[in-house]
Amino acid sequence: MNSSKTSRLPEPAADELAHSDRLLQHLREQIAAHGPMSFAQYMERCLYAPGLGYYSAGKTKFGEAGDFVTAPELGNLFARCVVKAVQPVLAVLGDDADFLELGGGSGVFAEVALRAFAENGTLPRRYLILEPSADLRDRQRERLHAALSSDVFARVAWIDRPPEENWKGVLFANEVIDALPTTRFVIGHGEIYEEHVALDGYGRLVRVDRPADALVAGAVRHVERDLERQFEDGYRSEILPQLPYWIQAIAGTLEAGVMLFIDYGYVRREFYLPERHDGTLMAHYRHRAHNDPFYLPGLNDLTASVDFTALAEAGNGAGFGVAAYLPQAQFLIAAGLQRVFEDAYEHANDEAERYRLAQQVKKLTLPDQMGERFQAMLFARGLTVLPVPEELLAADQGDRL
């Protein structure tokens with residue numbers, strides 16, 4: 001791991017350091033008791049350990065005061081475009097269609113989306129938020145209760161696990177898959193090894209590679225076959241062997257409707273480029289990205305880019321068809337960004353607000369911002385026709401998968 005960038009990061013406060021030390025102590029105890037843990041386990045603990053992980057402790061994550069800004073945090077345009085894209089599906093499915101958001105973040109997406117649904121007369125029966133973090137759940141509930149009318153707020157429900165009964169509607173996930181605990185693999189003498197986290201003689205976290213189990217090795221060999229090339233010795237990257245099981249778990253009961261995933265990532269042949277030989281893993285700390293996942297565990301968001309070809313395979317395996325795959329900029333434009341922007345611009349209170357709207361469009365669509373780096377993938381199942389904007393289907397780049 002290269003920590004050259006960490007020396008230029010902002011200094012954490014004393015309470016933050018103490019928090020990180022508590023998680024570090026927890027990790028040391030786990031490793032001392034059970035031996036080296038896989039990188040996926042390490043990432044899972046860093047992000048989700050109860051009371052200690054990045055998402056399960058009480059620190060501000062999103063927006064200017066946090067560590068990164070997601071598309072919904074920029075303003076209303078993103079959520080309104082998503083609503084325009086999927087509301088015809090809810091309309092076709094009727095009054096008992098639900099909307100399920102995976103990981104509600106600060107609650108801003110739900111707030112804007114519910115207002116837009118209400119304005120258009122396509123409110124879902126229930127707006128479900130699957131949120132594992134108790135802290136974020138409280139913040140979301142507080143925000144939505146204050147922002148929404150009581151009849152709209154009454155439709156919102158927080159759930160601990162995916163619906164067990166069959167349902168129909170829309171499943172939406174923005175920047176969720178990049179935060180799934182990822183497996184890191186490396187090739188040595190033609191064999192596949194899995195990255196683990198161990199302790200050195202001073203109790204510091206260090207990387208060790210161990211022979212991969214059959215699940216990980218099989219997933220890596222599948223990618224090699226698909227790419228028609230073998231990874232060279234020393235090639236290190238990420239893979240999500242559990243992705244098919246995860247998709248089945250979250251969407252197995254969605255009998256009719258669509259799933260929309262928006263995240264940063266690549267098609268497989270771009271994800272595993274020979275020159276990308278240390279993978280895509282990044283840590284985010286106060287709006288700065290670095291590549292040392294062992295730096296201040298619990299205070300950094302750890303993410304890896306999404307292999308959208310793997311996501312397509314997982315969706316297909318769960319019985320869904322890929323309806324559209326395209327860069328975020330094309331998705332938003334096809335979903336009516338121009339109309340949404342013009343409407344907001346017309347109702348803006350002052351020049352400052354108009355300027356912010358123009359900046360939002362730039363961040364969401366410019367290639368060097370989120371426009372090309374982020375991709376959208378739409379899946380469908382159980383629909384005789386796919387009632388989404390024609391422009392969306394026309395802009396499909398699924399042949400790149």
Side-chain angles (χ1 to χ4, degrees), residues 70-73 76-132 136-137 139-141 143-145 147-177 247 249-263 315 318 320 323-324 331-332 335-336 340 376-383 385-389 392:
T70 63
E73 302 291 329
N76 294 352
L77 301 180
F78 177 83
R80 285 187 168 272
C81 286
V82 169
V83 166
K84 278 180 90 68
V86 302
Q87 70 186 21
V89 176
L90 292 177
V92 161
L93 289 172
D95 292 342
D96 55 351
D98 295 328
F99 187 99
L100 168 56
E101 183 184 0
L102 299 186
S106 67
V108 65
F109 178 88
E111 179 191 330
V112 178
L114 279 161
R115 280 193 174 140
F117 282 132
E119 286 166 19
N120 298 315
T122 51
L123 272 169
R125 178 183 61 166
R126 294 177 303 168
Y127 190 106
L128 304 170
I129 301 177
L130 179 57
E131 178 55 72
L136 287 177
R137 190 183 284 215
R139 292 176 190 225
Q140 292 157 13
R141 186 177 281 114
R143 176 180 196 133
L144 297 178
H145 185 262
L148 300 171
S149 63
S150 56
D151 58 320
V152 173
F153 179 72
R155 294 175 187 253
V156 184
W158 282 264
I159 55 177
D160 295 314
R161 56 185 66 84
E164 288 170 10
E165 305 291 318
N166 282 354
W167 65 287
K168 53 188 184 178
V170 175
L171 183 152
F172 174 67
N174 181 61
E175 288 197 56
V176 169
I177 296 180
I247 290 284
I250 61 147
T253 55
L254 175 55
E255 58 182 353
V258 299
M259 302 191 292
L260 175 60
F261 294 93
I262 299 179
D263 220 317
F320 290 81
F331 169 80
L332 295 174
V340 170
M377 183 168 274
L378 185 72
F379 291 95
R381 174 160 77 176
L383 297 168
V385 293
L386 186 57
V388 297
L392 203 56

Got a sec, which residues hit ring-ring contact (aromatic ring centres under 6.0 Å, His included) with [X], two or more places apart in sequence or on another chain?
{"X": "Phe78", "value": "none"}
{"X": "Phe331", "value": "none"}
{"X": "Phe320", "value": "none"}

### Task
Could you give me the CA-CA distance, side-chain angles and deciding distance for Leu93 and Leu383, then say whether side-chain contact (heavy atoms from CB on, under 4.5 Å) is met?
CA-CA 9 Å; Leu93 289 172; Leu383 297 168; 3.7 Å; yes
Value rounded to 0.5 Å, distance of [atom1] in [X] from [atom2] in [Y]:
{"X": "Ile262", "Y": "Glu175", "atom1": "CD1", "atom2": "CD", "value": "10.0 Å"}
{"X": "Ile129", "Y": "Arg137", "atom1": "CD1", "atom2": "CZ", "value": "9.0 Å"}
{"X": "Leu130", "Y": "Trp158", "atom1": "CG", "atom2": "CH2", "value": "13.0 Å"}
{"X": "Ile177", "Y": "Leu102", "atom1": "CD1", "atom2": "CG", "value": "8.5 Å"}
{"X": "Leu114", "Y": "Arg155", "atom1": "CG", "atom2": "CZ", "value": "9.0 Å"}

Locate the shortest heavy-atom distance separating [X] from [Y]; write the atom from each residue and the value.
{"X": "Arg381", "Y": "Ala251", "value": "NH2-O, 3.3 Å"}
{"X": "Gly382", "Y": "Ala256", "value": "O-CB, 3.6 Å"}
{"X": "Cys81", "Y": "Ala335", "value": "O-CB, 3.4 Å"}
{"X": "Glu131", "Y": "Gly105", "value": "OE1-N, 3.8 Å"}
{"X": "Val89", "Y": "Gly257", "value": "CG1-CA, 4.4 Å"}
{"X": "Gly107", "Y": "Arg143", "value": "C-CD, 3.8 Å"}

### Message
As a quick check of understanding, evaluate side-chain contact (heavy atoms from CB on, under 4.5 Å) for Lys168 and Asp96, giving each step before the final call.
### Response
CA-CA 8 Å; Lys168 53 188 184 178; Asp96 55 351; 3.0 Å; yes
#### Entry: Residues in side chain to side chain donor-acceptor pair (under 3.5 Å) contact with Ser150, at least two apart in sequence or another chain
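Counting only residues at least two positions away or on another chain, Ser150 forms no side chain to side chain donor-acceptor pair (under 3.5 Å).
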### Query
Of all residues at least two apart in sequence or in a different chain, which pass the side chain to side chain donor-acceptor pair (under 3.5 Å) check with Asp98?
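Only Arg125, Arg126 meet the side chain to side chain donor-acceptor pair (under 3.5 Å) criterion with Asp98.
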### Task
Check Val388, Leu171, Leu378, Val170 against Leu260 for a side-chain contact (heavy atoms from CB on, under 4.5 Å) and give me the one that passes.
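Among Val388, Leu171, Leu378, Val170, the one that satisfies the side-chain contact (heavy atoms from CB on, under 4.5 Å) with Leu260 is Leu378.
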### Message
Tell me whether Thr122 contacts the main-chain N or O of Ala91 through its side chain, where contact means a donor paired with an acceptor under 3.5 Å.
### Response
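A pair under 3.5 Å: no.
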#### Entry: Val152 side chain reached by Leu144 side chain, heavy atoms, under 4.5 Å
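No; the side chains remain at least 4.5 Å from each other.
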### Query
Would you call Leu100 and Ile159 a side-chain contact if the rule is heavy atoms closer than 4.5 Å?
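In contact.
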#### Entry: Glu165/Trp167 under side-chain contact (heavy atoms from CB on, under 4.5 Å): CA gap, chis, key distance, verdict
CA-CA 6 Å; Glu165 305 291 318; Trp167 65 287; over 6 Å; no
### Message
If the threshold is 4.0 Å, N to carboxylate O, is there a salt bridge linking Glu111 and Arg115?
### Response
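Between Arg115 and Glu111 there is a salt bridge, with a charged N closer than 4.0 Å to a carboxylate O.
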### Query
Would Leu386 and Val258 satisfy side-chain contact (heavy atoms from CB on, under 4.5 Å), going step by step from the backbone distance to the final call?
CA-CA 9 Å; Leu386 186 57; Val258 299; 3.9 Å; yes
### Message
Applying the side-chain hydrogen bond (donor to acceptor under 3.5 Å, both in side chains) criterion to Asn120, which one of Arg80, Lys84, Gln87 satisfies it?
### Response
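Filter result, single survivor: Gln87.
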### Message
Under a plain distance cut-off of 3.5 Å, with no hydrogens placed, do Asp151 and Ser149 share a side-chain donor-acceptor pair?
### Response
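Yes, because at least one side-chain N or O of Ser149 sits under 3.5 Å from a partner of the opposite role on Asp151.
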### Query
Which residue pairs pass the ring-ring contact (aromatic ring centres under 6.0 Å, His included) test when at least one of the two sits in residues 82-128, sequence neighbours left out?
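For residues 82-128: Phe99-Phe117, Phe99-Tyr127, Phe109-Phe172.
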